[in-house]
Amino acid sequence: MAREIPKAYQPQEIEPKWAEYWVAEELFRADADAPPPVFSIVIPPPNVTGSLHIGHMLDHTEIDIMTRWHRMRGDNTLYLPGMDHAGISTQRVVVRQLAEQGIDYRTLGREEFEKRVWKWKDESGGKITDQMRQIGESCDWSREKFTLSPEMSRVVREAFVRLYEEKLIYRAHYLTNWCPDCLTVLSDLEVVHEERQGHLWHIKYPVADANGAAGGKFVVVATTRPETMLGDTAVAVHPEDERYRDLIGKSVALPLTERVIPIIADEAVEREFGTGAVKITPAHDPNDFEMGRRHHLPEINVMAHDGKMNAAAGAYAGLDRFVARKKIVEDLKAQGLLEKVAEHTHAVGLCERSRTVVEPRASTQWFCKMKPLAEPAIAAVERGEIRIVPDNRREEYFNWMRNIRDWTLSRQLWWGHRIPAWYCEESGHVTVARETPAKCATCGSGNLRQDPDVLDTWFSSGLWPFSTLGWPAKTKDFETYYPTTLLITGYDILFFWVARMIMLGIHFTGAVPFRAVYLHSLVRTGSGEKMSKSKGTGLDPVALNQQYGTDAMRFCLASMAAPGTDIVLSDDRLGGARNFANKIWNAARFLFVNLEKFEQGGTRLEELAAPEIRAQAPYGVAGAVPLRDAWIFARLAATVEQVNDALANYRFHDGAQSVYHFFWGDFCDWYIEWVKPELQSEDKESAIVAWRNLFAVFEAALRLLHPFLPFLTEELWHQFPQRAGAKSIALDRFPEVREIWRNHEALEKFGMIQEIITVVRNIRADMKIDPKKKVAAELSIVDDAERASVEADRDGIVRLGMLTDLKISGARLAGTGGVVRSTAKFDLRVEYTETVDVAGESARIAKDMEGLRKAIGSKEKQLGDETFRSRAPEKVVRALEATLAEQRT
RNA sequence: AGGCCCGUAGCUCAGUUGGUUAGAGCGCGUCCUUGACACGGACGAGGUCUGGGGUUCGAGUCCCCACGGGCCUACCA
């Protein structure tokens with residue numbers, strides 16, 4: 001480190017340098033030939049619709065923490081990056097952009113439009129790549145993939161053709177969800193439901209005789225969508241409904257039209273709802289569609305693709321559906337056919353992307369049969385071949401999978417994988433093939449036309465874990481890295497993506513696509529909303545990274561990422577994480593600034609901190625490791641184990657908290673403060689031991705911190721002597737606990753010293769003793785071994801307690817005056833010549849006593865209870881007794 | 001309609017099979033410009049865990065009910 005180290009850590013100066021270095025040196029290139037164990041993870045490919053948002057930051061932080069941790073533990077590690085073409089979303093973005101320039105995308109033609117989208121993809125994709133590099137993701141850029149690349153297209157066609165040949169993909173006329181804004185059908189998942197206050201219109205349909213003449217009677221039907229009545233082809237009642245029994249088989253004259261439609265009986269009709277009579281519109285309602293099939297009713301589609309009424313709507317043709325609704329209600333009212341209007345709250349289906357009200361509409365589409373795919377996928381999770389974390393998402397997965405319905409695959413879009421199906425213009429036959437066929441497979445005609453539609457974008461995403469590794473070829477990558485180890489993504493795409501990968505993965509490869517899925521929380525705004533760019537509630541990660549530093553952002557997210565709960569990011573939290581980075585920076589600053597002084601005595605950094613020197617720590621003076629060193633290494637060991645355990649269970653917040661507490665609380669607040677004088681000691685041997693141990697702990701701490709704060713730790717790691725050719729801390733080892741680090745005794749002993757110092761400080765603060773004024777103190781410890789240990793570290797206690805002197809004995813406190821406080825293990829008296837605030841002191845003592853009495857009381861009561869003694873485990877009883885014994889003294 | 005989750009300090013949240021006086025960060029109060037760090041240090045005040053009932057020797061932790069908030073699935077027109 002140079003002499004002029006800034007006092008405050010400035011991530012902006014440091015981060016870009018390493019971000020570039022990591023990419024340029026290709027440090028994270030995976031080697032499929034490297035020995036196991038393997039850790040492989042594929043990125044949830046971000047949509048090329050714009051740039052990374054704060055949700056991605058969380059995703060990528062967690063993935064990168066896991067990746068770096070595994071890599072440092074020596075695993076054969078692959079983090080595969082890539083992006084998703086995001087069919088509907090990306091098309092919408094470009095359509096909107098064109099519209100802003102006054103261009104209707106349809107006038108451009110398909111080919112030109114696709115060109116425009118590719119151009120956008122390059123820009124947006126480039127931006128995302130830049131962002132990912134900026135935030136230091138340790139992925140293998142040589143293996144980057146894009147879901148719509150020619151390579152991925154081949155895989156998609158392969159998968160489609162296989163499923164078609166297996167009769168799992170089929171084309172059918174069915175009722176689907178239509179978005180009049182996106183102008184495409186949607187799968188059920190892309191329709192979101194929203195409770196809305198609406199109306200239930202009760203409409204009178206005149207009963208007609210066989211000739212269509214009205215007989216003065218009416219059947220009243222209730223509907224929430226009056227405009228669809230123009231497409232009614234029947235009225236249905238329950239077969240056992242007494243009210244309507246004699247009308248079954250008769251007809252009604254459909255108002256506003258010339259048509260006469262039958263009254264049919266079907267058990268699906270709920271007698272309790274509305275009037276018990278239902279208008280049936282097979283072309284515009286899922287229930288009605290089914291009923292229409294059962295009763296062979298005609299379908300009359302009354303709406304065009306853009307949500308306007310079509311020619312079949314007669315006088316209402318050309319009107320927007322909601323305008324038509326209003327007009328129809330008015331007309332009915334005018335004709336006296338509107339019986340009443342009731343308030344009615346119901347769930348309205350909206351297009352996930354455009355928020356437009358989705359129109360159920362019968363059309364011919366491609367579908368994927370899901371039940372046969374779902375069964376093995378359910379079984380795999382049941383058998384534990386895939387672990388879903390957190391647990392409760394497992395149930396959600398099962399619920400959805402067990403009730404799965406067929407997947408509408410085709411989309412009326414231009415941006416996406418074109419469906420590999422060709423229609424013969426002569427015979428009408430369909431040819432589904434991997435490559436463009438020359439002639440019709442059935443009749444041999446060369447007059448073919450490819451299906452204009454594209455596939456749901458999630459179809460290619462569903463193949464991602466194996467398409468990216470070279471499947472269907474048996475590549476080295478596929479052999480080595482599939483099944484992938486872990487998938488980390490948000491729970492909001494459990495069904496869209498995760499479930500489908502599991503189904504398609506098992507179906508095509510015979511193996512699960514990943515061994516575990518960790519579903520993380522979502523990042524929300526302060527008011528609890530899901531962050532969204534469109535609502536302006538999104539936070540810009542680039543700006544935040546700039547302001548606080550990427551490391552701080554990562555650490556902040558990690559420390560809040562408790563499984564199962566959403567994250568609310570705040571400036572306060574980010575500031576706290578930034579402060580932590582600054583603390584680490586300054587600890588390093590302390591080391592190197594002091595080292596300069598020490599080096600003047602002729603000792604070089606190499607002798608104190610070379611890798612082989614560090615490996616032998618902790619060092620002792622004349623063979624004895626000083627207590628503070630034994631203690632910090634024991635704490636380091638415990639922390640390493642806590643972090644390993646936390647990360648193994650995706651408990652990022654626990655891991656983050658452990659390292660925070662260790663570095664700030666133990667290392668900085670106690671350890672550095674304790675060794676300060678040793679570092680410039682006259683006694684050369686002690687000084688060298690202090691330096692060596694300090695460097696060893698600090699360097700190990702950097703490696704421990706690295707997965708969380710990669711930039712800062714990389715920067716500081718390079719300030720240490722490293723093995724020849726060592727390029728990065730990211731390729732160094734995660735700290736491994738050495739047996740001699742573990743030291744329960746040191747933890748106990750140093751803990752007692754900390755307690756003594758804390759009591760001294762307490763007294764000083766309570767008595768308002770001038771912090772700069774040193775005072776005398778006296779300590780009494782009954783236990784010989786404990787007393788000896790404390791005596792050995794008397795100097796430290798004196799220094800950190802700001803004492804002039806500390807008398808230690810095993811007898812009762814000899815001196816008088818001053819303030820006395822007692823704990824289970826020791827009594828302490830601090831000289832205090834001023835008048836003690838008796839009232840305050842006795843209030844404090846009284847409060848202490850009160851708490852203690854309560855604690856003792858409850859324990860005595862418990863221990864006195866025979867049922868407790870006989871039923872509680874012995875361990876608990878003994879621990880209770882031990883504490884009670886202490887508290888009584 | 002069915003299912004799930006949450007309600008713990010002023011704020012945001014931890015609290016893994018029930019077990020000693022319930023934790024963190026921020027905020028707050030007192031003191032400290034001591035040469036790593038004021039993005040700092042020392043010390044401290046704040047919760048009885050939404051309410052009620054139950055199981056248990058023992059419950060923030062398990063069960064039931066109520067209230068409050070959120071989410072997901074769902075073709076009652």
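Just so we're on the same page: letters track the sequence lines, and every chain starts at 1.
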Between CE of A:Met560 and P of B:U12 the distance, given in whole Å, is 11 Å
Here the distance between atom P of B:C76 and atom CD1 of A:Ile280, to the nearest Å, is 14 Å
**Message:** What contact category does A:Glu290 fall into here, base, sugar-phosphate, or nothing, at under 4.0 angstrom with non-hydrogen atoms?
**Reply:** nothing
Checking B:A36, B:U16, B:A77 against the side chain of A:Arg651 (C-beta onward), the nearest is B:U16
Applied to residues 267-280 of chain A, the salt bridge (Lys or Arg N to Asp or Glu O under 4.0 Å) test, sequence neighbours excluded, yields A:Asp232-A:Lys279
(Q) For A:Arg651, is there an ion pair with A:Asp654 - N to carboxylate O distance below 4.0 angstrom? (A) yes
To the nearest angstrom, the CD-P distance between A:Glu227 and B:A77 comes to 14 Å
Taken to the nearest whole Å, CZ/A:Arg393 to P/B:C4 is 13 Å
At less than 4.0 Å, is any side-chain N or O atom of A:Lys772 found next to OP1 or OP2 of B:U33? Yes or no. yes
Testing B:A77, B:C72, B:U12 for proximity to the side chain of A:Phe495, the answer is B:C72
Sorted by chain and residue number, the salt bridge (charged side-chain N to carboxylate O under 4.0 Å, His left out) partners of A:Glu227 (sequence neighbours excluded) come out as A:Arg325
*Presence of A:His344 side-chain N/O under 4.0 Å of B:A77 phosphate oxygens OP1/OP2*: yes
Each base of RNA chain B marked ( ) or [ ] if paired in-strand (Watson-Crick or G-U under 3.5 Å), | if paired to another strand and . if unpaired gives (((((((..((((.....[...)))).(((((.......))))).....(((((..]....))))))))))))....
The side-chain contact (heavy atoms from CB on, under 4.5 Å) partner of A:Met229 among A:Thr281, A:Ile203, A:Val302 is A:Ile203
Item to complete: Inspect the contact between A:Arg293 and A:Glu290 and indicate whether a charged nitrogen and a carboxylate oxygen are less than 4.0 angstrom apart.
Response: no
- [ ] Could you tell me whether A:Glu396 contacts a base, only the sugar-phosphate backbone, or nothing, with contacts defined as non-hydrogen atoms closer than 4.0 Å?
- [x] nothing
- Less than 4.0 Å between a side-chain N and a carboxylate O, is that true for A:Glu359 and A:Arg225? yes
On a whole-Å scale, what distance lies between the P atoms belonging to B:G41 and B:G46? 23 Å
Between A:Lys7 and A:Gly276, the residue closer to the 5' end of RNA chain B by nearest nucleotide is A:Lys7
Between A:Asp572 and A:Val192, whichever has its closest RNA chain B nucleotide further toward 5' is A:Asp572
From CG of A:Leu297 across to P of B:A77 the rounded distance in Å is 20 Å
- Task: Output yes when A:Asp285 and A:Arg361 qualify as a salt bridge under the 4.0 Å nitrogen-oxygen rule, no when they do not.
- Result: no
A:Glu673 meets the salt bridge (charged side-chain N to carboxylate O under 4.0 Å, His left out) criterion, sequence neighbours left out, with A:Lys676
So, does A:Trp691 use its side chain to make a donor-acceptor pair with the main chain of A:Leu679 at under 3.5 Å? yes
Among B:C37, B:A14, B:A74, the one nearest any side-chain atom of A:Arg405 is B:A74
Once base and sugar-phosphate atoms are separated, protein heavy atoms under 4.0 Å mark nucleotides 39-47 of chain B, 5' to 3', with B, S and - as BSSSSSSS-
- Query: A:Ala577 near the nucleic acid: base, sugar-phosphate alone, or nothing, with a heavy-atom cut-off under 4.0 Å?
  - Reply: nothing
Per atom distances to the A:Ala347 side chain, the nearest of B:C37, B:G15, B:A74 is B:A74
To the nearest angstrom, the CD-P distance between A:Glu270 and B:A1 comes to 13 Å
In short, salt bridge (Lys or Arg N to Asp or Glu O under 4.0 Å) pairs touching residues 656-669 of chain A with sequence neighbours left out are A:Arg635-A:Asp666
Answer yes or no: does a side-chain N or O of A:Lys597 lie under 4.0 Å from OP1 or OP2 of B:G35? no
